[in-house]
There are 2 protein chains.
Amino acid sequence: MKKHGGTTPNALLGLLSLGPMSGYDIRQLISQSIGHFWSESYGQIYPGLKRLAAAGLVEKKTERQKGKPDRHLYSLTVAGREHLRDWLKLPVVYEVPRSELLLKLFFGGQVSPAISREHVEAYLERHLGALKVYGAMTKALKRDHADDPALPYWLMTLSMGRHNSAAMVKWCRETLKELERFESPKKRRQ
Amino acid sequence: MKKHGGTTPNALLGLLSLGPMSGYDIRQLISQSIGHFWSESYGQIYPGLKRLAAAGLVEKKTERQKGKPDRHLYSLTVAGREHLRDWLKLPVVYEVPRSELLLKLFFGGQVSPAISREHVEAYLERHLGALKVYGAMTKALKRDHADDPALPYWLMTLSMGRHNSAAMVKWCRETLKELERFESPKKRRQ
DNA sequence: GGGTGCATGTAATGGGTTACATGATTCT
DNA sequence: AGAATCATGTAACCCATTACATGCACCC
């Protein structure tokens with residue numbers, strides 16, 4: 001009978017399960033942890049924490065600091081941890097991923113193949129960069145959290161990133177070869 | 001100086017570049033063409049076409065039918081085709097893909113590994129199914145649109161789908177093996 | 001003096017889905 | 001009799017980003 005509202009509040013609960021944090025901390029932490037498959041803006045985080053507190057799923061404690069603004073530290077309550085577990089048990093809701101790149105490529109016949117080639121090249125660069133980041137993150141995690149029981153789960157998400165980016169690099173290279181074949185015949189006949 | 005607003009209106013223009021269509025037709029066509037990487041609801045399509053018509057990018061012609069409601073056929077104007085081409089030339093805007101599966105997996109330590117295993121199994125099934133669909137679509141496209149100059153572009157989008165799903169299948173199988181290792185030690189010691 | 005980091009938050013705006021509303025025809 | 005298909009469209013609602021607003025401290 002419970003409502004298991006949007007994914008965002010549950011993501012916040014999940015991050016707070018790693019320890020008490022402020023909204024600001026959450027934003028920083030995201031980029032070092034779930035940043036490659038999730039993002040939240042302050043416009044979601046601050047009002048989200050407020051609502052979670054009103055629902056009794058998190059507790060707020062204010063820490064005074066000199067010079068800097070107060071820190072509002074939020075921590076999971078027992079009810080909050082329970083809520084998080086319940087949500088984790090629910091099946092994952094499938095959504096069609098929207099890819100602007102594929103959309104542009106699908107209609108690539110409307111413009112020169114060089115345009116599509118540029119889009120695919122940019123995509124290739126992105127994934128080559130991502131592969132480096134995943135490698136660095138994997139090393140850092142194994143070094144800094146060797147004893148953490150959650151480590152294997154974190155590594156699994158990085159592993160998906162690697163699998164995905166490696167596949168995309170392969171696709172990009174194949175696709176670039178084909179796009180170049182469209183371009184070159186015209187050049188030859190000039 | 002032109003505004004190249006949201007992606008949705010441009011997606012509509014792209015689909016109309018394949019020929020005149022009604023809002024209803026567009027919805028049907030999406031599932032057979034760009035459905036694996038794009039979706040639009042009627043709540044976006046009908047108001048979207050209206051706005052495109054007001055901007056002079058599409059033209060509306062009403063076709064009367066007996067028994068059934070009128071069909072509103074939209075077709076690209078010259079300005080509309082120009083607008084589409086301009087948008088295709090703009091670089092693809094990158095957005096962090098949001099994955100609820102990875103989010104749940106990242107916090108998998110909060111629940112039993114069996115939960116995570118179920119999520120990954122469902123994901124595996126999804127991609128095995130997708131691979132079949134991509135195979136069938138590739139065959140059908142090559143058969144029905146052998147002479148279409150846009151065919152290579154359509155095949156490229158399907159190829160990305162295959163690369164992606166194959167990589168996901170591989171990741172799922174590896175991840176399932178590891179999740180099973182977490183489960184079995186407990187059973188042995190029972 | 002100016003940029004960056006710390007730290008909070010709101011308001012405006014945009015993007016999108018779902019449910020609702022209508023109504024005839026055709027298939028089971 | 002009832003469900004599905006054809007065909008249009010609106011309204012309510014949810015989700016999310018961006019820009020704005022504030023203000024001190026520290027470093028160059």
Side-chain angles (χ1 to χ4, degrees), chain A residues 3-12 20-32 34-35 37-55 58 60-74 87 93-100 103, chain B residues 3-12 20-32 34-35 37-55 58 60-74 87 93-100 103:
Chain A
K3 264 194 191 176
H4 275 273
T7 314
T8 291
N10 288 299
L12 294 176
M21 258 178 282
S22 70
Y24 191 85
D25 293 337
I26 286 178
R27 186 92 213 262
Q28 311 311 112
L29 180 60
I30 284 176
S31 57
Q32 297 157 30
I34 60 177
F37 58 83
W38 203 263
S39 70
E40 295 293 353
S41 61
Y42 288 127
Q44 286 281 97
I45 294 171
Y46 286 121
L49 289 171
K50 219 182 208 176
R51 260 176 268 131
L52 288 173
V58 299
K60 178 178 171 176
K61 268 168 203 158
T62 303
E63 220 178 49
R64 260 166 239 148
Q65 302 185 123
K66 5 175 182 172
K68 295 173 192 173
D70 291 358
R71 271 167 61 89
H72 298 288
L73 279 176
Y74 291 88
W87 172 73
V93 183
Y94 176 74
E95 273 175 74
V96 178
R98 297 180 123 208
S99 165
E100 196 191 315
L103 200 56
Chain B
K3 265 195 192 176
H4 275 272
T7 314
T8 292
N10 287 300
L12 294 175
M21 260 177 280
S22 69
Y24 192 85
D25 293 337
I26 286 178
R27 186 92 213 262
Q28 311 312 111
L29 180 60
I30 284 176
S31 57
Q32 297 156 30
I34 59 176
F37 58 83
W38 204 262
S39 70
E40 295 292 352
S41 61
Y42 287 128
Q44 287 281 97
I45 294 171
Y46 286 121
L49 289 172
K50 219 181 207 178
R51 259 175 270 132
L52 288 173
V58 301
K60 179 179 172 175
K61 268 168 202 160
T62 303
E63 220 177 50
R64 260 164 239 147
Q65 300 184 122
K66 7 177 182 171
K68 295 173 193 173
D70 292 357
R71 272 168 60 90
H72 299 288
L73 280 176
Y74 291 89
W87 173 74
V93 184
Y94 176 74
E95 274 176 73
V96 179
R98 296 180 124 209
S99 165
E100 196 190 316
L103 201 55

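In the text below, chain A, chain B and the rest are named by the order of the sequence lines, each starting its count at 1.
No side-chain heavy atom of B/Val58 sits less than 4.5 Å from a side-chain heavy atom of B/Lys60.
Distance CE (B/Met21) to C1' (D/dC6): 17 Å, rounded to an integer number of Å. Across the protein-nucleic acid pair, A/Arg64 atom CZ and D/dC24 atom P stand 18 Å apart, rounded to whole Å. Atom pair B/Glu95:CD and C/dG15:P shows a separation of 11 Å (rounding to whole Å applied). For B/Asp70 and C/dG23, the CG to P distance is 15 Å, given to the nearest whole Å. Rounded to whole Å, atom P of C/dG5 lies 10 Å from atom CD of A/Gln28. Taking atom CD of residue B/Glu63 and atom C1' of nucleotide D/dC6, one finds them 13 Å apart after rounding to whole Å. Rounded to whole Å, the distance from CD1 on B/Ile30 to C1' on C/dT17 is 14 Å. To the nearest angstrom, P of C/dG9 lies 12 Å from CG of A/Asp25.
Considering all non-hydrogen atoms of both residues, A/Tyr74 and A/Ala53 come closest at CE2-CB, 4.4 Å. B/Leu52 approaches B/Pro9 most closely through the heavy-atom pair CD1-O, 3.9 Å. Nearest approach of A/Glu40 to B/Arg98, heavy atoms of both residues: OE2-NH2, 3.1 Å. Between B/Tyr46 and B/Tyr24, the shortest heavy-atom contact is OH-N, 3.6 Å. B/Trp38 and A/Val96 get closest at one heavy-atom pair: N-CG1, 3.8 Å.
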Step-by-step side-chain contact (heavy atoms from CB on, under 4.5 Å) determination, A/Ile26 to A/Leu49: CA-CA 10 Å; A/Ile26 286 178; A/Leu49 289 171; 4.1 Å; yes

From CA spacing to verdict: side-chain contact (heavy atoms from CB on, under 4.5 Å), B/Trp87, B/Thr7: CA-CA 9 Å; B/Trp87 173 74; B/Thr7 314; 3.7 Å; yes

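Backbone-only contact: A/Arg98 has heavy atoms under 4.0 Å from sugar-phosphate atoms and none from a base. Heavy atoms of A/Ser39 sit under 4.0 angstrom from primed sugar atoms or phosphate atoms, though from no base atom.
The side chain of B/Thr8 lies closest to C/dG16, out of C/dG16, C/dC6, D/dA16. Of the candidate nucleotides D/dT5, C/dG5, C/dG9, D/dT5 has the atom lying nearest to any side-chain atom of B/Tyr24. Side chain of B/Ser41, nearest nucleotide from C/dG9, D/dT8, C/dT18: C/dT18.
With sequence neighbours left out, the salt bridge (charged side-chain N to carboxylate O under 4.0 Å, His left out) criterion links A/Arg71 to A/Asp25, A/Glu63. Every residue was checked against the ring pair (Phe, Tyr, Trp, His ring centres under 6.0 Å) condition with A/Phe37, not counting sequence neighbours, and none meets it. Remark: B/Tyr94 engages no residue in a ring pair (Phe, Tyr, Trp, His ring centres under 6.0 Å) (not counting sequence neighbours).
Comparing B/Arg71 and A/Pro69 by the nucleotide of DNA chain D whose heavy atom lies nearest to each, the residue mapping closer to the 5' end is B/Arg71.
For DNA chain C, the neighbouring residues in residues 44-52 of chain B, judged by any heavy atom under 4.0 Å, are B/Gln44.
Helix bend of the helix from C/dG1-D/dC28 to C/dT28-D/dA1: the angle between its two end axes, each built from five pairs, comes to 30° after rounding to 10°.
More than 12 non-hydrogen atoms from other residues, nucleotides or ligands lie less than 6.0 angstrom from CD of B/Gln32.
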Write down the protein N/O and nucleotide N/O pairs, taken from nucleotides 19-22 of chain C, whose separation is under 3.5 Å; answer none if there are no such pairs.
none

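Proximity of A/Ser22 to the phosphate of C/dT8: a side-chain N or O atom is located under 4.0 Å from OP1 or OP2.
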